[in-house]
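Written below as structure tokens is the structure these notes are about.
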Amino acid sequence: MIEAIVEYEFLQNAVITGLLIGLVAPLLGVFIVVRRLSLIADALSHITLTGIAASLLIEKRVSAVDDWNPMYMGMAFSVLGAVFIEKLRKVYKHYEELAIPIMLSGGIGLGVILISLADGFNTDLFSYLFGSVTAVSRGNMWTVAVITTLVVIIVLMFYKELFVLSFDEDHASIAGVNARFVHFLFIVMVALVIASAMQVVGILLVSALMTLPVASALRMSVSFRQTIGLSVLFGEISVVIGLISAYQLDVPPGGTIVMAAVVLLMISMLYKKFRSGLFEKGEKV
Amino acid sequence: MAQEPLIELEDVSFKYDRNWVVENVNMTINEGQFVGLVGPNGSGKSTLIKLMLGLEKPVRGHIRLFGKEVKKFNRWQEVGFVSQKANSFNSGFPATVYEVVRSGLVSRMNMFQLFNHNHKNKVLETLREVEMEEYARHSIGELSGGQQQRVFIARALVSDPSLIILDEPTVGVDSEHVTAFYDLLAKLNRERNLTLLMVSHDIGTITSHATHVACMNKTVHFHGSTEDYENMDDETLSLMYGHSLQQLTHNHEGSSL
């Protein structure tokens, strides 16, 4: 595969984009999981699909628009969706999780209509749903690189605020943290990363790359920093194994990446069991 | 040196929907005091704390912290808060004791400021003060209730506040560790001249450690030194509390044994 990567630009794009996503999706995923917002990632990914569908339809109907990159429209929808979820969460203060099914089904519903109108049930759509090794352009790769850099810088700069907000919201507000601003910034970053990850992992499996590596890391880590480090490590391992096997088996990388993450999760659970088993024995002796 | 009032409440009232939970509260807490705020369940103690911390806004009246209206108050590094353990955090949260205490420094830091070596020393020093230094690398979730509350005291202390507000911090802590917890608070009050306001329903223990007591049932009925409180006769107490007298005087007598 190494020779192929050197030879083909599309493979370079997929691998580099994959590695960027493998870093940034679990990085935000840690905060998503500890704040119990896992389903928001799902809702946002489905809204991204609506954006893609809208883009496909415009491309088809408006002759002036040719070869439009649906990723940008997906990003715009994802960010707008994030803003709207926050609004809904405020309206239904006592039923905050209602925002998620509303956006998720609304996104899919509109998406299906738009895709049908665009006659879009074809291979292109398949690659948006489950990812593709061949569909990432150089331009997309650079966009993802810029987003990754921005997200990493923002997470570093707001690390302490994000930590306090995740650990104890009351304390954050007493400590003078502008919770609304930091949360808004966070949710917009999540929306951008979801739209970025879509091309490699696919819309239906983006949230898995944000949560599964974190689920594995949680089994093994003691500190928050360690959780972030291990999550990113597991994310990258999943991407590398997933991309290689997708290329070899000629299947969508979304499936192989997520399955690699599932295997890592199972290993981490066995590890925990094995370790606590050892401890129990040790105590008895 | 004249004592500076740290918390001033002036005719403070607050309601949830149509129910008044706090009515016309007047109270001043001065520097160096250790005030126990006691009262029956549902008497508005926790709400009063939320009002003082700016988490809720009063319907009527004024609240001043360090002489400044809460709305405009911005020296939050001067105020620490320790809440009931049960609802303050997710016990599966992957963080070490060190990381939790360090998060208390946020109120002292600027927005883009990163943690540095001085912060590290400060955290370790504070953990030593609450006798939890050896647990610095332990996960917060694996500690006992009493140990967790010591960590949260350290988180409140690490920004060198002048005032710490505690909302029933001993709920969920084993009774054998409760006394040690109060001893720690009394020590901080004496040695650091730290002002403490602590909500509690355990009148017995609070009167044996606090310097002042405030009794509340929607409004503050008594606020004075612990001695004055203990010298009060049952008649006055019953006027203050009405129906909940029995349980309270029982605890009160229990404490003086």
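To find a chain, count down the sequence lines: A is the first, B the second, and so on, and within it residues start at 1.
- Of all heavy-atom pairs between S139(B) and V222(A), the closest is N-CG1, 3.5 Å.
- Contact of R102(B) with chain A is made through the side chain alone, with heavy-atom distances under 4.5 Å.
- Using a cut-off of 4.0 Å between Lys/Arg side-chain N and Asp/Glu carboxylate O, R155(B) and D168(A) are scored as salt-bridged.
- Judged purely by atom type and a 3.5 angstrom limit, K160(A) uses its side chain to pair as donor or acceptor with the backbone of Q113(B).
- Within the model, atoms OG of S103(B) and NE2 of H171(A) stand 5.5 Å from one another, a figure rounded to the nearest 0.5 Å.
- Enclosure of atom OH in Y95(A) is not indicated, since only 12 or fewer non-hydrogen atoms of other residues, nucleotides or ligands lie within 6.0 angstrom.
- With a 4.5 Å cut-off on side-chain heavy atoms, V34(A) and P94(B) count as touching.
- How far OG of S173(A) is from CZ of F81(B): 9.5 Å, rounded to the nearest 0.5 Å.
- Neither the backbone nor the side chain of V33(A) comes within less than 4.5 Å of any heavy atom of chain B.
- Enclosure of atom CG in N116(B) by more than 12 non-hydrogen atoms of other residues, nucleotides or ligands within 6.0 angstrom is indicated.
- Rounding to the nearest 0.5 Å places CG of L53(B) at 8.5 Å from CG of D170(A).
- To the nearest 0.5 Å, the span separating CG on L55(B) from CD1 on I174(A) amounts to 4.5 Å.
- The OH atom of Y159(A) sits 11.5 Å away from atom CG of L114(B), with the distance rounded to the nearest 0.5 Å.
- Between F224(A) and F93(B), the gap from one ring centroid to the other is short of 6.0 Å.
- When the shell of 6.0 Å around OH of Y135(B) is examined, it contains 12 or fewer heavy atoms from other residues, nucleotides or ligands.
- Counting heavy-atom pairs closer than 4.5 Å to chain A, the top residue among V100(B), V79(B), I140(B) is V100(B).
- Every residue two or more places apart in sequence or in another chain that forms a salt bridge (Lys or Arg N to Asp or Glu O under 4.0 Å) with E69(B) is listed here: R64(B).
- For K120(B), the NZ atom sits in a loose shell: 12 or fewer heavy atoms of surrounding residues, nucleotides or ligands are nearer than 6.0 Å.
- Looking at R225(A), the atoms closer than 4.5 Å to chain B (heavy atoms on both sides) sit in the backbone and in the side chain alike.
- Across N110(B) and E161(A), no two heavy atoms sit closer than the pair O-OE2, 4.4 Å.
- Heavy-atom pairs under 4.5 Å with chain B peak, among S223(A), S221(A), A175(A), at S223(A).
- Contact count versus chain A (heavy atoms, under 4.5 Å) is highest, among N74(B), T96(B), V97(B), for T96(B).
- Of the atoms belonging to Y98(B), not a single heavy atom falls under 4.5 Å from chain A.
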